[in-house]
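Every chain is numbered from 1 and lettered A, B, ... according to where its sequence line falls, protein lines coming before strand lines.
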Amino acid sequence: MGNALPPYLASLNPEQLEAVRHQGRSLLILAGAGSGKTRVITTKIAYLVRERGVEPESVLAVTFTNKAAKEMRDRAASIESTCSRAVMRTFHSFGAWFLRRNAAAAGLDPNFTIYDDDDQATLLHGLLPQNTRSECKAMVQAISRAKDLGLEPDSPDLSSAFSDPGMRRIYDMYDRKLRKTGNVDFGDLIGLPARLLREDEAVRRRTRQRFRVILVDEYQDSNVAQFELLRLLAGTGDADGSAGAYLCVVGDDDQSIYRFRGAEVRNILRFPEIFPGTDIIKLERNYRSFQSILDVAGDVVSHNAGRIGKKLVAERLGGAKPALSLLDDQDSEAAYCVKVCRERVKAGGRWSDVAILYRTNAQSLTFEKEFPRLGIPYRIVGASRFYDREEVKDALAYLALLCNPRDEVAFKRVVNKPTRGIGETSVDILLEAAGGGAFAGGAFAGDLLSASAEAGESLKGKARAGIKDFLGLVSGLAGLLDAPAADGETLALLVQRLIKASGLVEYHRAQDEVAGTQKVANLDEIANAASLYPRSREGLSTFLETIDLDRSLASEEAAATDAVTLITMHNTKGLEFPVVIATGLEQGLFPRDDEEGEELEEQRRLFYVAVTRAKDELHLTSCRWRRLHGRLFETGPSRFLSEIRGDLIQATAARRADARPVGAVPSPYGARPQPGVPGPRPGAGPREASPWRAGQAVYHDDYGSGVILKVSPTPSSGPLVVVRFETGRQAQFFPKFTTKLEIQKG
DNA sequence: AGTGCAACTCTTTTT
DNA sequence: GAGTTGCACT
């Protein structure tokens, strides 16, 4: 009786195999970068279906990105084809799926569309016209954070989480208004399913019967609301005596980099205590990088206090020491990158082997300027913002309104675009007609189109004709949408008709000519994207949801071209490249000088993510001069660099003037002395007597009194002093170069 | 209603 | 320095 493993299991290492075959209540897989976690999760799904008799339909697997979800679906199905019947989606896409199936119970229109932050701000602005748009944006952001925390307008904890006393009232107003439109925001895609599961026993029972196995990828990026939803879905520890679903979460606490968006590292740190009986498996074998690269990543992240702790061990031994280049400014940095790229290609590699990483999008500019001139092909990942463009949002708003006639944001956007003589006052009259009685069971219950048809009659002159025009246009489009589609007809037809008949094409063509933009081309691109969907209400709904939930304009073509990748460090998660250049490793930029505590730890994790993308070669660059917000700053190397054991990297100072020996790399913040380079030179460290110390009261000519938060030494500019003023303003100075900042006695 | 100018801000951003 | 936003003007 041979117990040879089937081939799809045989190639796993022992820990991976253990994770795949694990049975019990719940499992936490701590999977370091490059340890094959996607492989484990997909294999586990296939294994459960194949060997354990689990119905694919009863498996729910959630991820955070569409790309990851797609990869999971593809890979699981390639092992076991019936896996395609499992629900494998992003958290938000699962929420939308769930809400459409339980729309009535959730009090939603099954054709709801999803408001992005811009739409949210528009909605709130309609409620608070006396506030500016950017104020509304800020408030909407606070509301979104509240939703990330799983807080509702009537949650007692809301007041302690948000200092603004008006928050509760605004949040409440906003939510009521949003419910009235029948639409949802991103937070609702998590929060409303959770509420429904909490409050509706029938839905809860049905859902828990269905999903017996729940897996979560990139669990370290989940927020409190997602955790709540997960707990409700799993039903573990409920009083009703149900067994609860088998819960398996996979993540890496060292790769949690979305705290600023509400991600909660504690979700993963505390998982075992919240789900008693959890088994933990660590995957620490790395199949991607050379050990020399992992050591650098490990050294930096080991300075974090709040981590579970693990050590990555490379399967690929050896590899060159990562290179650290100390450069003059970002032009030298670009030149250095060019050199690395050319060398790679000369050695038989491809341009696409190389990725240039930076913390902020603004840093890509120098590369974009230099590369075409020097013949380096490149592509920028992220920041496409196609769906944020004016003309694109216009066209989509027409479609959204067609889908849901209660969508007030869409209505306001397009009712008078292009201009039809419907001014602000007319729009208000129409909104009033639709909204006035919605709660009291008004005649139109928020239906803006029906309301406009009636209230439009009471308008006069231009506005009256305009609204007739508009309604005629919309009903024509609705007619086309509902008419039976001939073979091969797609939504593209509807979009083409829409952009022509609405006058959007004409309107934007005129702008193109003046400003040299390509708005008409973008409109055509929407029609092109729509051609993947059938011409029906359902097709339209799917089309809009896909756009709402996936703003990345997935272009296969772009991925296939051989070009250097320019990308923010955040965007690299889940990717890998043979050659990685992590740029801008300067104190004040990465990390920023005001980052400390949890924020500083998150930056270390970001460094860890960036570095562990590299398979063969890692380069780090740090510039002495950095142009930021239009000003030139002298900076020192990032403190992260001094957290790396000196013998792990090959440092070179390629500076024109004042080239200094490598040993002189400063070690900001008085970091503990470490063997090798870089490290503080004896006698030249930050220990020099200086009146500039944290806590010292100061006075500035322009800003008034303040207190020094932090002092960082620089190689030749003296200390860099970060000051918080009584006005609340924070600023940094080189006392060496300014006479305006003085010590305040007392 | 549409244009022009001054003022403000300026990490990261899966969904 | 660049892009966006708000306000005022015609």
S.K.: At under 4.0 Å, does any side-chain N or O of N571(A) touch on OP1 or OP2 of dT12(B)?
M.R.: no

S.K.: Output the rounded distance in Å from CZ (R631(A)) to P (dT9(B)).
M.R.: 17 Å

S.K.: Describe the nucleic acid contact of R359(A) in one word from base, sugar-phosphate, nothing, applying a heavy-atom distance below 4.0 Å.
M.R.: base

S.K.: Return the value, rounded to whole Å, for the distance between atom CG of D593(A) and atom P of dT11(B).
M.R.: 13 Å

S.K.: Which whole-number value in Å describes the distance from F64(A) CZ to dT13(B) P?
M.R.: 17 Å

S.K.: Just checking K417(A): base, sugar-phosphate only, or nothing, at a heavy-atom cut-off of under 4.0 Å?
M.R.: nothing

S.K.: Taking only the side-chain nitrogens and oxygens of K573(A), find out if one of them lies under 4.0 Å from OP1 or OP2 of dT13(B).
M.R.: no

S.K.: Can you check the H570(A) NE2 to dT15(B) C1' distance for me, whole Å?
M.R.: 15 Å

S.K.: Can you tell me if T572(A) uses its side chain to pair, donor with acceptor, with the backbone of L575(A) under 3.5 Å?
M.R.: no

S.K.: I want to check a possible cation-pi pair here: R604(A) against F640(A), using under 6.0 Å from ring centre and within 45° of the ring axis as the test.
M.R.: no

S.K.: Looking only at side-chain atoms of T568(A), point me to the closest of dT11(B), dT12(B), dT15(B).
M.R.: dT12(B)

S.K.: So what does G423(A) hit on the nucleic acid, given a heavy-atom distance under 4.0 Å: a base, only sugar-phosphate, or nothing?
M.R.: sugar-phosphate

S.K.: By nearest atom, which of the nucleotides dT15(B), dG6(C), dT12(B) is closest to the Q603(A) side chain?
M.R.: dT12(B)

S.K.: Looking only at side-chain N and O atoms, does S134(A) come under 4.0 Å of OP1 or OP2 in dT4(C)?
M.R.: no

S.K.: Without decimals, in angstroms, what is the distance between Q255(A) CD and dT13(B) P?
M.R.: 16 Å

S.K.: Hey, is the main chain of N223(A) close enough, under 3.5 Å, to the side chain of N267(A) for a donor-acceptor pair?
M.R.: yes

S.K.: Grab the CE-P distance between M88(A) and dT14(B) for me, whole Å please.
M.R.: 24 Å

S.K.: May I have the distance from L606(A) (atom CG) to dT14(B) (atom C1'), rounded to whole angstrom?
M.R.: 14 Å

S.K.: Less than 4.0 angstrom between a side-chain N/O of R592(A) and OP1 or OP2 of dT11(B), yes or no?
M.R.: yes

S.K.: I want to check one thing: is the phosphate of dT13(B), taken as OP1 and OP2, less than 4.0 Å away from some side-chain N or O of N361(A)?
M.R.: yes

S.K.: Is it the case that the side chains of N522(A) and H508(A) hold a donor-acceptor pair, with the cut-off being a distance below 3.5 Å and no angle test?
M.R.: no

S.K.: If you assign each of H629(A) and E424(A) to its closest nucleotide in DNA chain B, which residue comes earlier from the 5' end?
M.R.: E424(A)

S.K.: Measure up the Y219(A) and F271(A) rings against each other and bin them: parallel (under 30°), tilted (30 to 60°), perpendicular (over 60°).
M.R.: perpendicular

S.K.: Check R259(A), R359(A), R639(A) against E595(A) for a salt bridge (charged side-chain N to carboxylate O under 4.0 Å, His left out) and give me the one that passes.
M.R.: R359(A)

S.K.: Is it the case that dT15(B) (base atoms only) and R261(A) (side chain only) share a donor and an acceptor within less than 3.5 Å, ignoring hydrogens and angles?
M.R.: yes

S.K.: On DNA chain B, compare the nucleotides closest to Y507(A) and T360(A); which residue's is nearer the 5' end?
M.R.: Y507(A)

S.K.: Of all the choices, dT14(B), dA1(B), dT15(B), which nucleotide is nearest to the side chain of F186(A) once you look at every atom?
M.R.: dT15(B)

S.K.: Just to verify, which of L215(A), T63(A), I29(A), V249(A) counts as forming a side chain to side chain contact (heavy atoms under 4.5 Å, CB included) with I41(A)?
M.R.: L215(A)

S.K.: Give the rounded distance in Å between these two atoms: CD of E390(A) and P of dT4(C).
M.R.: 11 Å

S.K.: Quick one: which of dT5(C), dT15(B), dT11(B) gets closest to the side chain of E595(A)?
M.R.: dT11(B)

S.K.: dT5(C) and dT12(B): how far apart are their P atoms, nearest whole angstrom?
M.R.: 16 Å

S.K.: Anti or syn, where syn is a glycosidic angle within 90° of 0; which label fits dT12(B)?
M.R.: anti

S.K.: Output yes when at least one side-chain N/O atom of N66(A) is less than 4.0 Å from OP1 or OP2 of dT14(B), else no.
M.R.: no

S.K.: Does F260(A) stack onto the base of dT13(B), taking stacking as ring centres under 5.5 Å apart and planes under 30° apart?
M.R.: no

